[in-house]
Structures are given as C-alpha cells and as structure tokens.
A.B. asks: 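The following block contains the structure, expressed as structure tokens.
When reading the values below, keep in mind they use all heavy atoms of this one structure, side chains included, and skip hydrogens, waters and symmetry mates. The first residue of the sequence shown is numbered 1, and numbering continues consecutively from there.
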Amino acid sequence: MSIHESHGSPHKASSMRTPLGRVRHLGASHSGTGDFWRQRITAVATTLLIVPVIVVVMMLLGRNQAGAAQILGSPPIAIIMLLFIIASSWHMKIGMQVVIEDYVHGEKLKLAAVMANNFFSFAVALASIYAILKLSSGV
C-alpha cells in the first residue's frame, strides 16, 4: 500500500508531480497561479475603468493645458486615471512576461528580456503617474 492509498489522496502514484509540488499546489514554473490571477484581476480592473477613462479623454478633446488641468484637477477623475494607469501597466508587465517566458529560450536572454520588461513597464507607469499628478496639481 502506497502513501497515497493510505491517506485517500486523489493523486495516483504515477503522477508526474513531486510530492512537494502536490502539497504546495505548484506547477512547473514553481510559482503557482499567482500571476494568472493577478493578470485576470488587472484585466477586470482595466475593463471596468476603460469607460470612465474614455469619457475623461473625450472631455479633454480640444482643450488647452489649462482646461486639461482643470478637468484632471478633480480628485475623482485623477484617481480614476491613476487606477487605470496602475492596472493597465501591471497587466502589460505580466502579459509580456508570460510571452517572454514562453517563447524566449536562452536563459540569459530571457533574464535580460524580463528585466527590460520590468524596467519599461515601471517607466511607463511612473511617467504616466507623474503626468497625471502634475496636471492635476496645476503645477
């Protein structure tokens, strides 16, 4: 009698997963489903925020910087824009990282690409957040 039979485990003894992997519920990447769920959550957040963002962008059409600062100076609008930037940048980072991990085969190139992706995503988010904060503060 194997340990799986004695404890009523649903896993067969011929499973490809290691006992530690079964206990931790980790897949081949050893990170579980964290990135999967984070990408789904950021997708839902981005989807929910896109309608108000489109409305704000339409309100900004044809306005000069003073008019844009006046619209973006409203705390609810600035918060919506900041949440959209954070959610979409994070979603972009995770999505591109999955593509890199799946299709880049050299370990050094993969590491460099993941690092560049992290830097680029952070730079885009930081520049966008800075722009919204600067416009909303009227400076």
Side-chain angles (χ1 to χ4, degrees):
M1 179 182 287
S2 74
I3 190 167
H4 301 294
E5 294 169 350
S6 65
H7 292 287
S9 174
H11 301 287
K12 295 180 180 178
S14 64
S15 172
M16 295 292 287
R17 297 177 76 188
T18 65
L20 183 59
R22 282 191 295 272
V23 170
R24 291 186 178 168
H25 302 290
L26 300 179
S29 68
H30 306 292
S31 63
T33 58
D35 282 342
F36 174 84
W37 284 111
R38 277 188 286 276
Q39 189 171 27
R40 295 325 180 258
I41 290 169
T42 57
V44 169
T46 303
T47 302
L48 293 174
L49 290 166
I50 193 70
V51 173
V53 167
I54 289 172
V55 170
V56 169
V57 169
M58 290 175 66
M59 290 169 45
L60 294 173
L61 291 175
R63 297 195 186 253
N64 59 14
Q65 184 176 357
Q70 181 182 9
I71 291 171
L72 293 172
S74 167
I77 289 178
I79 289 170
I80 287 170
M81 297 299 285
L82 291 172
L83 289 173
F84 178 76
I85 289 165
I86 292 166
S88 59
S89 296
W90 197 358
H91 184 77
M92 174 183 67
K93 177 207 162 295
I94 295 169
M96 195 63 211
Q97 183 170 333
V98 168
V99 171
I100 291 167
E101 289 171 351
D102 286 349
Y103 296 106
V104 177
H105 300 295
E107 289 303 315
K108 289 182 182 179
L109 182 59
K110 185 184 296 189
L111 178 63
V114 168
M115 289 172 60
N117 178 51
N118 289 341
F119 174 77
F120 178 76
S121 300
F122 182 74
V124 167
L126 192 62
S128 301
I129 290 169
Y130 175 75
I132 294 296
L133 292 176
K134 186 165 175 132
L135 280 173
S136 67
S137 67
V139 177

A.B. asks: Looking at NE2 of H105 and CD1 of I100, how far apart are the two atoms once the value is rounded to the nearest 0.5 Å?
C.D. replies: 13.0 Å
A.B. asks: Looking at residues at least two apart in the chain, or sitting in another chain, which of them share a salt bridge (charged side-chain N to carboxylate O under 4.0 Å, His left out) with R38?
C.D. replies: D35
A.B. asks: Tell me, do W90 and I94 make a side-chain contact under 4.5 Å, heavy atoms counted?
C.D. replies: yes
A.B. asks: Please tell me if the side chains of I86 and T42 come closer than 4.5 Å, counting only heavy atoms from C-beta onward.
C.D. replies: no
A.B. asks: May I ask whether I79 and I129 are part of the same hydrophobic cluster, defined by side-chain heavy atoms of I, L, V, M, F, W, Y residues being less than 4.5 angstrom apart, directly or through others?
C.D. replies: yes
A.B. asks: When you measure from the side chain of S136 to the backbone of L133, do you find a donor-acceptor pair of N or O atoms at a distance under 3.5 Å?
C.D. replies: yes
A.B. asks: Mind checking whether I50 and V56 sit in one hydrophobic cluster, side chains of I, L, V, M, F, W, Y counted as touching below 4.5 Å?
C.D. replies: yes
A.B. asks: Quick one: pull up CG in L61 and CE in M58 and give me the separation to the nearest 0.5 Å.
C.D. replies: 7.0 Å
A.B. asks: Compare all side-chain heavy atoms of M96 with those of F120 and state whether any distance is below 4.5 angstrom.
C.D. replies: no
A.B. asks: Got V104 and V99 here, is their nearest side-chain heavy-atom distance under 4.5 Å?
C.D. replies: no
A.B. asks: With a 4.5 Å limit on heavy-atom distance, are the side chains of V44 and R40 in contact?
C.D. replies: no
A.B. asks: Looking at every heavy atom in both N117 and K93, which two are closest together, and how far apart are they?
C.D. replies: ND2-O, 3.0 Å
A.B. asks: To the nearest 0.5 Å, what is the distance between CD1 on I80 and CG on L48?
C.D. replies: 11.5 Å
A.B. asks: Considering non-hydrogen atoms only, spot the tightest contact between T47 and A43 and give its length.
C.D. replies: OG1-O, 2.7 Å
A.B. asks: Side-chain heavy atoms under 4.5 angstrom apart, residues restricted to Ile, Leu, Val, Met, Phe, Trp, Tyr: same cluster for V57 and L83?
C.D. replies: yes
A.B. asks: Of all heavy-atom pairs between K110 and E101, which one has the smallest distance, and what is that distance?
C.D. replies: NZ-O, 3.4 Å
A.B. asks: Supply the atom-to-atom distance T46 OG1 to M92 CE, rounded to the nearest 0.5 angstrom.
C.D. replies: 10.5 Å
A.B. asks: Find out whether Q65 and L135 are in side-chain contact, i.e. whether some heavy atom of one side chain is under 4.5 Å from a heavy atom of the other.
C.D. replies: yes
A.B. asks: Look at the side-chain heavy atoms of Ile, Leu, Val, Met, Phe, Trp and Tyr, link any pair under 4.5 Å apart, and say whether V98 and Y103 land in one connected group.
C.D. replies: no
A.B. asks: Nearest 0.5 angstrom please: M59 CE to Q70 CD, how far?
C.D. replies: 9.5 Å
A.B. asks: Mind checking the OG-CG spacing from S121 to L126? Nearest 0.5 Å is all I need.
C.D. replies: 12.0 Å
A.B. asks: Is there a donor-acceptor pair under 3.5 Å between the side chain of H91 and the backbone N or O of Q39?
C.D. replies: yes
A.B. asks: For I85 and A125, which heavy atoms make the closest approach, and how far apart are they?
C.D. replies: CG2-O, 3.9 Å
A.B. asks: Provide the closest heavy-atom pair for A68 versus L60 in the form atom of the first, atom of the second, distance.
C.D. replies: CA-CD2, 3.6 Å
A.B. asks: Do you know which two heavy atoms are closest between F84 and L49, and how far apart they sit?
C.D. replies: N-CD1, 3.6 Å
A.B. asks: Would you kindly confirm whether F122 and V124 end up in one hydrophobic cluster when ILVMFWY residues are joined by side chain heavy atoms under 4.5 Å apart?
C.D. replies: no
